[in-house]
Amino acid sequence: MTQPDLSRASNSVPWPRRVLVLHEAESFGGDFDESFKAGLEQNGCEVMMSQRTAPWFVDVDAVLGYGPFSLQTGDMLPAGRWILAMPPEKRPAMLWVLTEGVPDPRIPGRLVEPAAKFRLFADRVFGDRVRRLPSRYRRLLLVGHRLRIFGQLKWLNQRSVLTCLGVTSASRARYLSGHQLRPIVTPLGYHPVYGADLGLQRDIDVAFIGNLDSPRRRRLLPGLFASLEDRGIKVNVQSALYGDERSQFLNRCRIIINVLRAEQDFVGQRFLLAAANNALIVSEPLNDAEPFVPGRHIVVAALEQLADTVTDLLGDEPRRAALAHAAHTFVTRELTVGRMIGAILAESKRVRSEANLV
């Protein structure tokens with residue numbers, strides 16, 4: 001596992017010159033597309049865009065993907081197969097930013113790879129037909145998305161297609177390194193698409209942004225929300241905010257609560273969004289918060305103490321504002337997408353150089 005120093009990442013990498021960003025949506029757009037494109041351009045690259053599952057017919061030095069988020073458009077393998085079909089001297093480097101989580105670490109290691117292979121087998125056998133299966137079978141095959149991601153990464157790596165795998169947290173890197181993958185830690189970098197401090201009145205004391213449907217959140221959040229309501233604090237819950245609407249909302253918030261979907265998760269994008277818009281994250285304990293520092297950029301408290309912690313912070317506006325401002329300054333000045341992409345390009349160049357490909 002390699003962890004580059006992002007503060008020294010070069011923004012003048014002579015290779016690659018031309019990079020194709022494989023976007024997940026049907027058309028170009030979204031936070032990752034815009035920010036990664038800008039990060040590549042800041043590092044001197046000419047950038048083109050293509051839908052991830054479509055073949056491309058342009059000569060490029062590298063392709064960059066991210067996610068994957070969904071069964072329909074998140075597949076990494078079409079791009080890998082397209083690269084393998086090219087003559088070896090024409091094959092671009094494949095760079096991937098893994099923004100999704102890893103399989104549950106409680107699954108015994110000896111079972112993870114067979115389970116991932118079975119998940120890929122199910123994709124091959126059923127494909128889009130999975131949604132037409134009886135519900136009891138459909139539910140079985142629609143779960144295991146993280147095993148599917150893991151299986152696709154192993155498939156790409158075993159065929160020497162995957163040049164650089166960037167992950168957003170050290171815990172994900174440790175997990176993947178234990179399965180013969182070679183990730184580098186590249187925390188998600190800031191770009192204005194994530195928002196800015198608009199100077200709005202912060203008339204929403206506490207908010208939660210995210211999917212409420214995970215079993216862990218269904219178990220934990222109602223009690224937390226009730227504890228806060230007992231203290232006269234109502235939580236504003238939002239599950240689908242994007243773009244300007246999201247920035248406007250976050251600029252009205254004082255505190256954003258973080259409760260994880262799964263205990264092994266890392267939510268770099270939520271932390272980045274809050275900091276970009278000058279709102280403060282108050283989180284349950286998590287495996288690793290880096291590069292955010294508890295007590296400096298975010299506040300961390302045990303689940304049973306979250307309601308009291310939030311109440312105390314709402315009663316101490318200078319402290320809350322100072323923490324939020326420190327996080328905002330950190331992401332906008334240091335944790336930039338240019339440095340993030342620069343680290344990925346530098347590692348990709350190193351790997352290609354060792355293989356005598358650059």
Side-chain angles (χ1 to χ4, degrees), residues 23-27 29-35 66-74 98-101 104 131 138-139 142-146 148-149 168-169 188 190-191 193-196 198 200 202-229 233-284 286 289 292 298-299 303 306-307 310 314 324 327 331:
H23 60 83
E24 185 150 326
E26 291 184 0
S27 60
D31 301 341
F32 294 105
D33 298 341
E34 291 188 43
S35 62
Y66 59 85
F69 304 122
S70 68
L71 180 66
Q72 289 75 30
T73 61
L98 182 65
T99 56
E100 291 294 273
D104 189 332
R131 298 189 178 277
R138 183 171 66 250
R139 181 171 179 80
L142 287 176
V143 298
H145 180 55
R146 294 183 177 188
R148 180 176 184 263
I149 292 170
T168 54
S169 77
L188 196 61
Y190 170 78
H191 177 270
V193 70
Y194 292 110
L198 304 177
L200 303 182
R202 295 193 179 269
D203 56 356
I204 298 172
D205 284 336
V206 183
F208 177 86
I209 299 179
N211 189 338
L212 301 178
D213 199 34
S214 71
R216 188 172 187 272
R217 284 177 176 166
R218 285 200 305 268
R219 186 176 78 250
L220 297 176
L221 286 177
L224 175 59
F225 293 167
S227 293
L228 286 165
E229 195 153 355
I233 302 166
K234 185 170 179 59
V235 180
N236 190 318
V237 178
Q238 300 290 331
S239 59
L241 286 177
Y242 304 97
D244 290 342
E245 182 183 10
R246 180 184 62 199
S247 295
Q248 292 281 333
F249 177 81
L250 287 171
N251 266 268
R252 295 174 56 202
C253 296
R254 298 172 71 192
I255 289 174
I256 306 296
I257 292 175
N258 177 56
V259 172
L260 302 169
R261 287 174 59 96
E263 291 181 61
Q264 75 271 18
D265 278 1
F266 171 77
V267 283
Q269 189 179 27
R270 181 174 291 111
F271 287 11
L272 181 63
L273 284 167
N277 294 279
N278 219 357
L280 175 64
I281 284 282
V282 178
S283 176
E284 66 168 317
L286 57 167
F292 295 90
I298 62 174
V299 173
L303 272 166
L306 274 182
V310 167
L314 290 176
V331 301

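What you see below is based on every heavy atom in this structure, not just the backbone, and it leaves out hydrogens, waters and symmetry mates. Small disclaimer: the values here were computed from a predicted structure and weren't measured. Just so you know, residue 1 is the first one in the sequence shown, and it goes up from there.
Ile281 contributes atom CD1, which lies 9.5 Å from atom CD1 of Ile257 (distance to the nearest 0.5 angstrom). Here OH of Tyr66 is found 9.0 Å from OG of Ser35. Values are rounded to the nearest 0.5 Å. The distance from atom CG of Leu306 to atom OG of Ser227, rounded to the nearest 0.5 Å, is 9.5 Å. Atom OG of Ser283 and atom CD1 of Ile256 lie 12.0 Å apart (nearest 0.5 Å). Here the CG-CD1 distance, from Leu314 to Ile233, works out to 5.0 Å after rounding to the nearest 0.5 Å. For the atom pair OG1 of Thr99 and CG of Leu188, the computed distance is 8.0 Å after rounding to the nearest 0.5 Å.
Under the 3.5 Å distance criterion, the side-chain polar atoms of His23 are left unmatched by any main-chain donor or acceptor of Phe32. Checking side-chain atoms of Glu24 against main-chain N and O of Phe69 turns up a donor-acceptor pair under 3.5 Å. A donor-acceptor pair is defined here as one N or O able to donate and one able to accept, closer than 3.5 Å; no such pair exists between the side chain of Tyr194 and the backbone of Ala274.
Checked against side chain to side chain contact (heavy atoms under 4.5 Å, CB included), Asn278 has the following partners two or more places apart in sequence or in another chain: Asp197, Arg202, Ala324, His325, His328. With sequence neighbours excluded, the residues satisfying salt bridge (charged side-chain N to carboxylate O under 4.0 Å, His left out) with Arg254 are Asp205, Glu317. With sequence neighbours excluded, the residues satisfying side chain to side chain contact (heavy atoms under 4.5 Å, CB included) with Asn236 are Ile204, Ala207, Gln238, Phe249. For Glu284, the salt bridge (charged side-chain N to carboxylate O under 4.0 Å, His left out) test picks out Arg216, with sequence neighbours left out. Evaluation of the side chain to side chain contact (heavy atoms under 4.5 Å, CB included) rule for Gln248 yields Leu198, Leu200 as partners, not counting sequence neighbours.
When all heavy atoms of Ala307 and Leu224 are compared, the pair lying nearest together is N-CD1, 4.0 Å. Closest approach of Asn277 and Gly195 over heavy atoms only: OD1-CA, 3.5 Å. Residue Arg217 comes nearest to Pro222 through the heavy atom pair O-CD, 3.7 Å, listed as atom of the first residue, atom of the second, then distance. For the residue pair Gly67 and Leu98, the shortest heavy atom distance occurs at O-CD1, 3.3 Å. Between Glu34 and Val193, the shortest heavy-atom distance links the atoms OE1-CG2, 3.8 Å.
No donor-acceptor contact under 3.5 angstrom links the side chains of Asp31 and Tyr242, judged on distance only.
At most 12 non-hydrogen atoms from other residues, nucleotides or ligands lie less than 6.0 angstrom from CG of Asp244.
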Subject >> Verdict with supporting geometry, Phe271 and Leu286, side-chain contact (heavy atoms from CB on, under 4.5 Å) >> reply: CA-CA 12 Å; Phe271 287 11; Leu286 57 167; 4.0 Å; yes

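Each of Asn258, Val237, Leu273, Leu250 was evaluated against Ile209; a single residue qualifies, Leu250, per the side chain to side chain contact (heavy atoms under 4.5 Å, CB included) test.
Among pairs with a residue in residues 206-215, those fulfilling side-chain hydrogen bond (donor to acceptor under 3.5 Å, both in side chains) read Asp213-Arg218, at least two apart in sequence or across chains.
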